[in-house]
2 protein chains.
Amino acid sequence: MKVVSFNVNSLRARLAVVLGWLSEFQPDVLCTQETKVQDVDFPTDAFDEAGYKYVFKGQKSYNGVATFSKGQTSNVASGFADEPKDEARLIKTEINGIVIVNSYVPQGYSPESEKFEYKLNWFKRLGEYFKKNFEPTDPVLWVGDFNVAPKPIDVYDPAALSGHVCFHPEAQKAMKEVMAWGFIDVFRKHCSEAGQYTFWDYRLNSFKRNLGWRLDHIMATQPLAKKSTDCYIDKKPRLAEKPSDHTPIVAEFDW
Amino acid sequence: MKVVSFNVNSLRARLAVVLGWLSEFQPDVLCTQETKVQDVDFPTDAFDEAGYKYVFKGQKSYNGVATFSKGQTSNVASGFADEPKDEARLIKTEINGIVIVNSYVPQGYSPESEKFEYKLNWFKRLGEYFKKNFEPTDPVLWVGDFNVAPKPIDVYDPAALSGHVCFHPEAQKAMKEVMAWGFIDVFRKHCSEAGQYTFWDYRLNSFKRNLGWRLDHIMATQPLAKKSTDCYIDKKPRLAEKPSDHTPIVAEFDW
DNA sequence: GTTATGGGAG
DNA sequence: CTCCCATAAC
């Protein structure tokens, strides 16, 4: 079973890239973030033709998540139960006996801002969400753009980026506390290399110089993690005609 | 010798269409209007690669003209000599012994507006320009988007469009007075059919219903007109991925 | 840089 | 419907 996370930076602007990549890569599950499309405008037809099921939660201009799958989806829910008016950043579904939580964690703007507080709190709420709804012994995947590079090895220049909202001790701690419930970093199970990134700023020619960040993750509970056979970042979509600033991360499971 | 006029409605937005069409059609001269690009941003590299020379006069957002050619250009001049601060609507060059005046005549907004006065006056100044600089016995081409359909046969519904700035007796008269100096309508020399248009409004599905206007013209002085062998409108670019609202008009000369 | 928006223009 | 712009977010 092949599961992917990909921040598409507008699903409609990236439609050709996403469809081409789906067709070539044939993942079982594709979790996308920053779809930037309202539900009413979601391009369902294109994915019907591609033979994928979909669940989505979007809003105008910003955020938005969508999960595509070959197999049937069930028990779909979006956002946190207590906060129906939240931004479109979380969608849960069950596919093939696995709970898949697709999340677009707030970026946080600056460490002094309210948005950063919102980010830290969002992680906290997500931690409570897992505790309340699942057990670490369940097959659960937490997937998406976390807007956090967990360790110095996960950014191109830890010294220069020190204190950035996506490489900030408090953000790292907030993420770690969610992890502590029972998640394993599937990528780091398979690869301990430096220089492995999923995001490059559009500016500065950062992709060509590999000035990147590892912000997109596939986390699995123990029963799933022990069945993972591979995890890798696919940089091909970043070389497409209209690349996103993120690139897909792929995990494979014996499931 | 193949000469073309094409209002591209943004040269940069239409770059792929224009390059593809150039490569397929191989005209000797291509006059474009509404390039909507400042000279500093002109996409010279793409046309260098395509093997075309270019002369251009542009401005931000609106108007702009560019003439492309396989052969060498000389004696380039833009605008009217007396009005250096005019909009970028006229560029003259000489190619292969022919004077080529590429013009984007003001649209005129509404018959009551100052812009319509400007349009009528622009034709008048152009008439004086020809009188002052050339003889009707010279090989001169006046080419471009004139924003005038000269006769009822040149619009899809003369009754409904009566009084429109592009089908207005005063605009038609102003254009006719420039013609009277010594120009022949090369298209009408070869084709007297109705329903032959070069412009369709993006709205209303007008292209599919052929609700068009013949606004783009290739006019020639006698020595050139008598050597014209064909003149036709090529609707293929209007079927491209990103069509302009205009389509090219092509003239061929034994020259 | 690249996406989005809304307003102005045709 | 398709451009342009300015602004905002990342």
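Side chains are part of it too, since the values below use all heavy atoms of this structure and drop only hydrogens, waters and symmetry mates. Quick note on labels: first sequence line is chain A, next is B, and so on, each numbered from 1.
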Side chain of [X] only, please: which of [options] is the nearest?
X         : options                 : answer
Tyr202(A) : dT2(C), dT2(D), dA4(C)  : dT2(C)
Arg203(A) : dC5(D), dC10(D), dA9(C) : dC10(D)
Lys36(B)  : dC4(D), dT3(C), dT5(C)  : dC4(D)
Lys115(B) : dA9(D), dC3(D), dG10(C) : dG10(C)
Tyr109(B) : dC3(D), dT3(C), dG10(C) : dG10(C)

- Task: Take atom CD of Glu117(B) as the centre, draw a 6.0 Å sphere, and report whether it contains more than 12 heavy atoms from other residues, nucleotides or ligands.
- Result: no
- Message: Could you tell me how far apart Gln59(B) (CD) and dC3(D) (C1') are, to the nearest whole angstrom?
- Response: 14 Å
- What integer distance in Å separates Tyr62(A):OH from dT5(C):C1'? 7 Å
Would one find a side-chain N or O of [X] under 4.0 angstrom from OP1 or OP2 of [N]?
X         : N      : result
Arg14(B)  : dT2(D) : no
Lys60(B)  : dA6(D) : yes
Lys242(B) : dC3(D) : yes
Ser10(A)  : dA4(C) : yes

- From the options Gln59(A), Arg125(A), Lys57(A), select the one residue that forms a side chain to side chain donor-acceptor pair (under 3.5 Å) with Asp86(A). Arg125(A)
- Task: Would you please classify the geometry between the Tyr129(B) ring and the Phe80(B) ring as parallel, tilted or perpendicular, with 30° and 60° separating the classes?
- Result: perpendicular
- Message: Would you compute the distance between atom CZ of Arg214(A) and atom CZ of Phe187(A) and round it to the nearest 0.5 angstrom?
- Response: 6.0 Å
- Query: Of Asp245(A) and Arg12(A), whose nearest nucleotide on DNA chain C comes first from the 5' end?
  - Reply: Asp245(A)
